[in-house]
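Treat the numbers as computed from the prediction; the structure is a model and nothing was measured.
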Amino acid sequence: MRRIALVIPLLIASYGLRAQDRTLQSDTTTVLQEVKVKAKAKKKIKTDLKLAVSVDEFLASSQSISFIKRGAYAWEPMLNNMSSERSAVTIDGMHIFGACTDKMDPVTSYVETNNLSTVDIKSGQEGSLHGSTIAGSIDLQRKNTAFGLDKKVGGNYQTGFEFNNKQFFNLADLSYSGQKFAADGSISFRQAENYYDGNNKEVKHSQFNKFNSSLGLAFKTGERSALRVDAIYDKAKDVGFPALPMDLWLSRALITSASYKQLFEDGIIQLWDTKIYYNAIEHYMDDTTRPENLVHMDMPGWSTTYGLLSKIALQRDSYKSEIQLNAYDNLSIAEMRMYPQDRSNRTMFAYSWPWVTTRFASLSNTNSWDLSDRSHVVLGGSLGVNYNYSKYAEFNWIFHPGAPQEKTRILPGLHASYHIDIASFTLSAGAGYGHRAPSISEAYGYYIYNSFDRYDYIGNPNLGNEVSYETNASVGYQTGRMGIQAKVNYFYIQDYIVGKILNMGSPMNYQSVGVKGYTALNHANIFNLAVSAHYDILTHLHWKGSLTYARATDGSGGNLPFIRPISYQTGLQYMYKRLGIQTSLQGDAVQRDYSPEYGEDKTAAYQIWNASADYTLPVRKVNMTLQVGAENILNAYYSTYADWGNIPRMGRNIFTSLKINF
């Protein structure tokens, strides 16, 4: 293979799925509960409504994450209503960079639910532990079986069928725990045909086919030390993207790592964990399945990354600290090839990513002091160095003559927060400051077609860093039967990078209406509010709800794109012995603050009703759970603010699932 590299009435909100956010140490640190792993019992990533979810569906249950959808597969995650360039998404802390200029291979597409244990979400600069960021970080953490468990062998098997798009899936994972050796393995396969919208119309080019497998082996090298090696292989074929003019022929990823962990019994140092890693992604987009295209185009891409992580955890009395070194080297290449019906008569070739090397190194530190039994303070920061080199800088010189072929940037970050518990109340307040470097597309991209606004985009190597100033706060109230929590954050971002129409250059794609170049606005403002509540109506009957609101503008008061309108979820769950019944209502309000300048239009309000039931039957040492349910029961026809090109969402979808745990 080639290199593959807003308020109380608002609480009619989401029936909190088990994967609801939970505050840890800071109001801006979120762990989705369903993926928490304990020594003797592992919980699969799932929601109350649905046992078998994709990674995207699971992350969507978090209030802080939304998605841009270009089809039924590989949704682009947006943390705090910011595009993926402004967040750090990692797997076990490892940096992985997609190989698609259209962002059709986010990091989340290269893992599956059965090889993950925990998803750690940090907002704003608290996420700088994983590299420079504005929005925060999402760390997808793999399963890691401990040594010496009473249950030496365990596993899960899950299969099911979804009727709308005829999706069939099989997921299996197996673990072994010995005194000196432990292992985890998983394998999964999903295959789906085109789905049908609420008008029972087929949404063409929405099929997908995905295979994923992983293996982790751990060896105890001492009483308090261990060596571990991990690998993930992911392959997707024949993936349609109805919102784009082309589809995915093939995507492959190989993600590997080796780590050494040492625990210490005495002294201030508690742990030292070091990891080296390598990953390679290859991604081939083409439009051979679109005969209506007058001119065909292939867009292959490759991304290769080598990296190092080294972390030390310190603790003495009421003081805790974590120091982490983060370094990586990435090479990203993307090509664009045009030709008529006959591939042999190629009419154009260009590098849309002209062999761009990125080298990054940062040192980060987070400190926590317990001021009393009811309060603590967190202080942290990071200092990073980002180096870029473009091998074929002549593609950038066409629009930016004399632009440097290489550039080095300093990327600092700071954050602080205070937390206190008063009776049944929990309160926190914090602030942050940080920089991020332009992404490869923003700095070096060459004629990257955006089918949302139908412009070709040109990168600008002369862009400065984005600089973010943020504040956040939270308040919560908890009693024996009910709880309510509100979180708010605000970002003031200087030199906010967006695309603006250029007065020079002609579009290269025949579907384009013009050319845009990445430039920096004076500033942008982003405000996010999330309210959640739960109430135990009866012993076995529970209600949960949530509501989110966001507002984002540029320096002149214009709306920024892809900002979620008021969104809500509410629902009930009944659990008695082996039976579980759940129903939920979710929806968005009308998107009034849209941005025509960036290709957006007004989207209507919608409501979706879902329901499911499951029953668990123990058979000897095996638990079998059967579930049946339906999403969008009323078969509503709708499209949201985040559906690229207003592609309609899936209509009524009846699903079944069988899970076997042993």
Side-chain angles (χ1 to χ4, degrees), residues 15 17-19 32-55 57-58 61 111-118 142-143 145-146 149-177 182-192 210-215 539-542 571-584 610-631 633 653-662:
Y15 178 39
L17 303 172
R18 280 183 188 129
L32 302 180
Q33 289 180 325
E34 274 349 84
V35 287
K36 222 169 139 128
V37 176
K38 295 186 178 180
K40 295 185 178 181
K42 294 184 178 181
K43 294 183 179 180
K44 288 177 66 64
I45 294 181
K46 61 183 182 296
T47 66
D48 282 344
L49 181 73
K50 204 171 181 181
L51 291 172
V53 294
S54 67
V55 173
E57 289 173 316
F58 179 71
S61 66
V111 290
E112 255 293 352
T113 54
N114 66 331
N115 56 33
L116 294 181
S117 64
T118 304
R142 287 195 67 249
K143 289 183 177 180
T145 298
L149 298 181
D150 294 337
K151 185 178 180 180
K152 288 186 176 294
V153 179
N156 296 273
Y157 170 71
Q158 196 162 6
T159 185
F161 186 77
E162 301 194 8
F163 285 78
N164 185 294
N165 61 346
K166 297 181 176 63
Q167 180 185 169
F168 178 71
F169 58 87
N170 281 284
L171 302 92
D173 61 89
L174 187 67
S175 65
Y176 172 81
S177 174
D184 301 279
S186 71
I187 189 169
S188 66
F189 177 74
R190 297 179 185 267
Q191 183 171 2
K210 174 183 172 68
F211 170 81
N212 181 278
S213 62
S214 71
L215 180 65
T539 303
H540 303 290
L541 183 63
H542 314 280
L572 295 170
Q573 182 183 36
Y574 176 80
M575 295 181 296
Y576 183 70
K577 294 184 178 179
R578 302 171 186 170
L579 176 67
I581 301 174
Q582 39 278 326
T583 184
S584 66
N610 312 303
S612 69
D614 57 77
Y615 187 80
T616 300
L617 179 65
V619 180
R620 295 185 179 180
K621 295 183 180 181
V622 175
N623 285 326
M624 301 178 61
T625 302
L626 177 65
Q627 184 179 67
V628 61
E631 299 168 301
I633 295 174
N653 179 36
I654 298 173
F655 60 86
T656 62
S657 177
L658 173 65
K659 172 188 172 184
I660 301 174
N661 175 271
F662 58 91

Practice task
For Q191, check side chain to side chain donor-acceptor pair (under 3.5 Å) against everything at least two apart and list the hits.
Solution key: none

Problem - Close side-chain approach of F655 and N164, heavy atoms under 4.5 Å - result: no

Handout entry: Shortest non-hydrogen contact between A172 and Y157, atoms and distance
Key = CB-CD1, 4.0 Å

Handout entry: Gap separating the CG atom of D614 from the CZ atom of R578, nearest 0.5 angstrom
Key = 13.0 Å

Completion exercise
Those residues at least two apart in sequence (or on a different chain) that pass side chain to side chain donor-acceptor pair (under 3.5 Å) with N165 are none

Practice task
For T159 and F169, indicate whether the former's side chain and the latter's backbone hold a donor-acceptor pair under 3.5 Å.
Solution key: yes

Handout entry: Nearest heavy-atom neighbours spanning N653 and E162
Key = ND2-OE1, 3.0 Å

Completion exercise
dist K151:NZ -> S177:OG (nearest 0.5 Å) comes out at 11.5 Å

Practice task
Measure the OH-OG1 distance between Y576 and T539 for me, rounded to the nearest 0.5 Å.
Solution key: 10.5 Å

Handout entry: Check against side-chain contact (heavy atoms from CB on, under 4.5 Å), H542 and M575
Key = CA-CA 8 Å; H542 314 280; M575 295 181 296; 3.7 Å; yes

Practice task
Verify side chain to side chain donor-acceptor pair (under 3.5 Å) between S175 and D184, making sure each step is shown before the conclusion.
Solution key: CA-CA 4 Å; S175 65; D184 301 279; 4.8 Å; no

Practice task
Enter the distance from K659:NZ to L626:CG here, rounded to the nearest 0.5 Å.
Solution key: 13.0 Å

Could you list the donor-acceptor pairs under 3.5 angstrom formed by side chains in residues 616-625, with sequence neighbours left out?
| residue | atom | partner | partner atom | Å |
| --- | --- | --- | --- | --- |
| T616 | OG1 | T625 | OG1 | 2.9 |

Handout entry: Side-chain donor or acceptor of S612 paired with backbone N/O of L49 under 3.5 Å
Key = yes

Completion exercise
All heavy atoms of V111 vs all of V55, minimum pair found to be O-CG2, 3.8 Å

Exercise for the section: With the side chain counted from C-beta on, respond yes when Q158 and L51 share a heavy-atom pair under 4.5 Å apart, and no when they do not. Expected result: yes

Practice task
Identify the heavy atoms of E57 and A52 that sit nearest to each other, and give their distance.
Solution key: OE1-O, 4.3 Å

Practice task
Say whether, by atom type as modelled, one donor and one acceptor occur between the side chain of T583 and the main chain of N610 under 3.5 angstrom.
Solution key: yes

Handout entry: Beyond-backbone contact of F161 with K166, side-chain heavy atoms, under 4.5 angstrom
Key = yes

Completion exercise
Distance col, row N156:CG vs F662:CZ, nearest 0.5 angstrom, shows 7.0 Å

Practice task
Enter the distance from R190:CZ to N170:CG here, rounded to the nearest 0.5 Å.
Solution key: 10.0 Å

Practice task
Look at E112 together with K210 and state whether they make a salt bridge at an N to O cut-off of under 4.0 Å.
Solution key: no

Exercise for the section: Using atom types as modelled and distance alone, determine if a side-chain donor or acceptor of N115 lies under 3.5 Å from a backbone N or O of I187. Expected result: no

